[in-house]
Amino acid sequence: MDNIWIVFVSVFLLCTVILYRNRLSLMLKSKHRNQLPLGTLGWPLIGETIEFVSCAYSDRPESFMDKRRSMYGKVFKSHIFGSPTIVSTDADVNKFILQSDAKVFVPSYPKSLTELMGESSILLINGSLQRRIHGLIGAFFKSQQLKAQITRDMQKYVQESMASWREDSPVYIQDETKKIAFHVLVKALISLDPGEEMELLKKHFQEFISGLMALPINLPGTKLYQSLQASPLAKKKMVKLVRRIIQAKRNSGICKVPKDVVDVLLNDASEKLTDDLIADNIIDMMIPGEDSVPVLMTLATKYLSECPAALQQLTEENLKLKKLQDQVGEPLCWSDYLSLPFTQTVINETLRMGNIIIGVMRKALKDVEIKGHLIPQGWCVFTNFRSVHLDDKNYECPYQFNPWRWQDKDMSSCNFTPFGGGQRLCPGLDLARLEASIFLHHFVTQFRWHAEEDRIVNFPTVRMKRRMPVMVRRVES
């Protein structure tokens, strides 16, 4: 009797799956005719999420895209993270989506991640408030005042870190750069110096961010599930600390010449910029200091380790600058670092190959047609930057680290979007370049090194496993 019941249930579920897929396909065809891009929606409910995620954390993250692009073209339909999705690996389509305003597309992330970030996160809010916050922060991040402060802090923290490096034990580049970048960014956000409060903030923040870096599968026992349990408490403690700093600034009088991002936001007259909203967004803005900027510096070290010619030219360029500094007898300023042409090409190529921001998700608020492709209202669209950056139609030998390709290349092309684009272009892009330039300058002028392991360390491996150990040898000045 039990066996008959099992067979009956199995047949019923199989029929349900077939009917669901057929009905959904017929509904889409009848509503949108044949304008939808080619592709498949995969299995009911889960769609193609499992394959998408497994590829994203493999040694070849673009394999999911490459397989479907060869079958369906550069724009195709799929179903990931619980939503039917149009996936674009087309640079022109990506540019259109990035530059569209909030009346056409709005940010869209898996529900589990929105729970971690909160509805008031600058990554999720739209309209005039988002533009206001983005504009205020962007202007401050571009200011010469902040660049000078970042330069002084980077020089200080880099020198302190490198002073402790030993020749008889491996140096874990990402661990070191995470400490440096987090201290620098937190100083720029809330003027907090290293100390007991900084260490406590870092501890809570690592608890909070662990869910963002985990596989986006919220099931008991998974890292994301554990993070969702611990994250609210960790974020509450961080918000409490930032609120205390905000209140202290209010009590002592807000600086008219802002020293940090909190000052910038407190000086704005908008009633929508409440203390809670400011505190929440300060926490979200710490993410690059824990993740993006350290990964950039780590991958630059990796690629240079594998390309001796690039490392030699970079070293020679920076040694010339150091020699000039020694002759003048004054510290280097931010413009000195950013004026190094080959250093900037190395950073460009690292951004292209490393793809620190793989892509962005948006949701269509109405039917949109782009280059003959329909994005239906309510569907998500995923603009994939990695596939564009590694397309041999856009870059010759795309998997080869070749900084020289940037010496005559137009950086304004829509084929290069390492920091996104449009109204949500990352406001800290110039600071990320500056920090990477300062780190590389001090690294190549003070040390020679070799990677401790021969195995290739790619982008997701770096982010997941905190790798890139090197053995260093200090060189005489």
Side-chain angles (χ1 to χ4, degrees), residues 137 140-141 143 145-166 171-210 212-213 230-255 257-267 275-276 278-295 297-298 331 334 428 431-432 434-436 438-439 442-443 466:
I137 296 170
F140 182 60
F141 280 179
S143 68
Q145 169 200 342
L146 182 64
K147 287 178 181 177
Q149 175 187 311
I150 293 288
T151 301
R152 291 191 299 270
D153 291 339
M154 272 297 293
Q155 290 169 335
K156 175 185 176 183
Y157 298 139
V158 166
Q159 293 287 37
E160 288 177 354
S161 174
M162 291 182 175
S164 67
W165 294 5
R166 296 172 52 185
V171 175
Y172 289 85
I173 296 297
Q174 190 175 27
D175 290 344
E176 297 299 316
T177 55
K178 279 178 63 180
K179 294 174 189 174
I180 296 166
F182 191 76
H183 286 172
V184 170
L185 183 57
V186 170
K187 178 77 173 292
L189 294 174
I190 57 177
S191 295
L192 185 66
D193 289 312
E196 187 176 336
E197 278 193 319
M198 175 72 83
E199 292 306 310
L200 191 61
L201 178 65
K202 187 188 300 183
K203 176 180 178 294
H204 294 322
F205 188 78
Q206 287 171 347
E207 293 173 1
F208 164 69
I209 200 176
S210 63
L212 297 179
M213 297 298 105
S231 178
L233 180 59
K235 188 165 186 179
K236 185 177 180 181
K237 291 177 180 178
M238 289 188 291
V239 168
K240 184 178 179 181
L241 188 153
V242 176
R243 280 293 304 270
R244 190 164 67 246
I245 291 173
I246 292 173
Q247 192 58 50
K249 285 178 177 288
R250 288 195 183 280
N251 293 340
S252 61
I254 302 168
C255 296
V257 179
K259 296 180 180 179
D260 54 37
V261 172
V262 169
D263 286 344
V264 171
L265 298 179
L266 288 177
N267 270 308
D275 288 1
D276 284 336
I278 292 173
D280 280 342
N281 279 281
I282 289 294
I283 303 303
D284 291 341
M285 282 186 274
M286 292 178 187
I287 294 174
E290 173 73 13
D291 181 64
S292 310
V293 176
V295 168
M297 293 186 273
T298 303
W334 63 269
L431 299 184
L434 176 58
E435 291 182 47
I438 295 172
F439 173 79
H442 289 277
F443 193 18
R466 306 292 189 264

Working to the nearest 0.5 Å, report the span between [atom1] of [X] and [atom2] of [Y].
X      : Y      : atom1 : atom2 : value
Thr298 : Lys178 : OG1   : NZ    : 9.5 Å
Asp263 : Phe140 : CG    : CZ    : 7.5 Å
Thr177 : Tyr172 : OG1   : OH    : 14.0 Å
Glu160 : Glu176 : CD    : CD    : 12.0 Å
Met154 : Gln159 : CE    : CD    : 10.5 Å
Ile190 : Met286 : CD1   : CE    : 4.5 Å

- Note on the structure: Residues passing the side chain to side chain donor-acceptor pair (under 3.5 Å) test with Lys203, sequence neighbours excluded, are Glu207
For a 4.5 angstrom cut-off between non-hydrogen side-chain atoms, does [X] reach [Y]?
X      : Y      : value
Phe141 : Val261 : yes
Ile438 : Thr151 : yes
His442 : Gln155 : yes
Val184 : Leu431 : no
Met297 : Ile180 : no
Val186 : Phe205 : no
Leu185 : Met285 : no
Ile150 : Trp334 : no

Cut-off 3.5 Å, no hydrogens considered: what does the side-chain donor-acceptor table look like for residues 237-246, sequence neighbours left out?
from, atom 1, to, atom 2, distance (Å)
Arg243, NH1, Asp276, OD1, 2.5
Arg244, NH2, Glu197, OE2, 2.7

- Message: For a quick test of reading the model, state the closest non-hydrogen atom pair linking Val293 to Ala181 and the distance between them.
- Response: CG1-CB, 4.1 Å
- Message: Taking Pro258's backbone N and O only, do any of them form a donor-acceptor pair with Gln145's side chain (distance below 3.5 Å, no angle check)?
- Response: yes
- Are the side chain of Ser164 and the backbone of Ser161 linked by a donor-acceptor contact shorter than 3.5 Å? yes
- Query: Would one find more than 12 heavy atoms of other residues, nucleotides or ligands at under 6.0 Å from atom CD of Glu196?
  - Reply: no
- Item | Lys259 atom NZ: more than 12 heavy-atom contacts under 6.0 Å | no
- Message: Just to verify, which of Ile278, Asp280, Asp284 counts as forming a side chain to side chain contact (heavy atoms under 4.5 Å, CB included) with Ile282?
- Response: Ile278
- Message: Under 4.0 Å between a side-chain nitrogen and a carboxylate oxygen: does that hold for Lys187 and Asp193?
- Response: yes
- Parallel, tilted or perpendicular, as decided by the 30° and 60° cut-offs, for the rings of Tyr157 and His183: perpendicular
